[in-house]
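Input: a single structure, listed below in structure tokens.
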Amino acid sequence: MSKKKKRYNPNNKDFNKRNNNMEQQENKEENPNLDIEDTDNTDKVAEEADKTDSKSDNTDSKTNDTDNKVEKNEDEKSTTEDLQKKLDELNDKYLRLAAEYDNYRKRTVKEKMDLTKYAGEDVLKGILPVVDNVERAVKSLESASDMEAVKQGVTLIYNSFKDFLEKRGLKEIEAINLPLDTDVHEAITKFPAPTPELKGKIIDVVEKGYFLGEKVIRFAKVVVGE
């Protein structure tokens, strides 16, 4: 009874070769007259099959490499498209921001120009009533016979104007009989003090000084006793 032959496996060359040798040995035992050339032909057929399998493996490998290259190119193309999309979005945001900033700059410049041009509008509106009173006083001087009434009218105009300035934050700097304070006073000269208590103190004001809020806008020019 002959032994069961193992099947040909194209993926195992060593096994196939051993299998062929075993078949040849069995055939030789069964048929001693078997020609050696037939054995050689069998080996050649096996070798050709191995070469064919090798070529097939190389072809499959090349196909796989090609597929991998195609997939890689597609991935790179997709990445490039994503980056280009993000770049376009950022560029669009930059252009919008630049346009908004330009509009803001133009609007701010216009507001500053208007503020500079009309900054004194409120003050001038407040002064106009005082100007009207001064004009009335000047007209009354032409035909006035009572100088006391004229004096009272001028005093009223002065007080109304002073009240207007105080409402706008203007305040007179106090100086008479006070020690010299170089932060708010400017000594322009010295004069003998009328009393010993006034030595080193302000005895006269040549020009009044004023605060605007907490800021000194004009120093008081004073005379100091010595």
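Side-chain contact between F191 and D204: absent, with no pair of heavy atoms (C-beta onward) separated by less than 4.5 Å. A 4.5 Å side-chain heavy-atom check between R218 and E207 finds at least one atom pair inside the cut-off. The closest side-chain heavy-atom distance from N159 to D163 is not below 4.5 Å. Under the 4.5 Å side-chain criterion, counting only non-hydrogen atoms from C-beta, K93 is not in contact with R96.
The two residues G126 and V130 come nearest to each other via the heavy atoms O-CG2, 4.3 Å. Scanning all heavy atoms of the two residues, the minimum distance from L180 to A187 falls at CD2-CB, 4.0 Å. When every heavy atom of L170 is checked against every heavy atom of L212, the shortest pair comes out as N-CD1, 4.2 Å. Heavy atoms only, all atoms of each residue included: N133 and I157 are closest at O-CD1, 3.1 Å. Residues D183 and F219 come closest through the heavy atom pair O-CE2, 3.0 Å. Residues H185 and I173 come closest through the heavy atom pair NE2-CG2, 3.9 Å.
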Passes side chain to side chain contact (heavy atoms under 4.5 Å, CB included), R105 versus D102? Steps please. CA-CA 5 Å; R105 182 182 60 81; D102 187 59; 2.9 Å; yes
Verdict with supporting geometry, N91 and L95, side chain to side chain contact (heavy atoms under 4.5 Å, CB included): CA-CA 6 Å; N91 187 48; L95 293 176; 4.1 Å; yes
Verdict with supporting geometry, E148 and K151, side chain to side chain contact (heavy atoms under 4.5 Å, CB included): CA-CA 5 Å; E148 187 64 28; K151 290 179 181 180; 4.2 Å; yes
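Linking ILVMFWY side-chain heavy atoms closer than 4.5 Å, directly or via other members, places V224 and V205 in a single hydrophobic cluster. L83 and L90 are members of different hydrophobic clusters when ILVMFWY side chains are connected at heavy-atom separations under 4.5 Å. No continuous path of ILVMFWY side-chain contacts below 4.5 Å connects V206 to V222, so the two sit in separate hydrophobic clusters. No chain of hydrophobic side-chain contacts below 4.5 Å, direct or via other Ile, Leu, Val, Met, Phe, Trp or Tyr residues, connects M147 to V134. Transitive grouping of hydrophobic side chains (ILVMFWY, heavy atoms separated by less than 4.5 Å) brings I188 and L198 into a common cluster.
To the nearest 0.5 Å, atom OG1 of residue T108 and atom CG of residue N103 are 10.5 Å apart. Atom CD1 of I217 sits about 8.5 Å away from atom NZ of K215, to the nearest 0.5 Å. To the nearest 0.5 Å, atoms CG (L128) and NZ (K125) are separated by 9.5 Å. Atom CD of residue E89 and atom CD of residue Q84 lie 11.0 Å apart, to the nearest 0.5 angstrom. Atom OG1 of T189 and atom CD of E226 lie 8.0 Å apart (nearest 0.5 Å).
Listed by chain and residue number, nothing satisfies the side-chain hydrogen bond (donor to acceptor under 3.5 Å, both in side chains) test with N177 (two or more places apart in sequence, or in another chain).
With salt bridges taken as basic N to acidic carboxylate O contacts below 4.0 Å, none links D82 and K86. Remark: D88 does not engage K85 in a salt bridge, criterion side-chain N to carboxylate O under 4.0 Å.
Ring pair Y101/Y104 is tilted by interplanar angle, where 30° to 60° counts as tilted.
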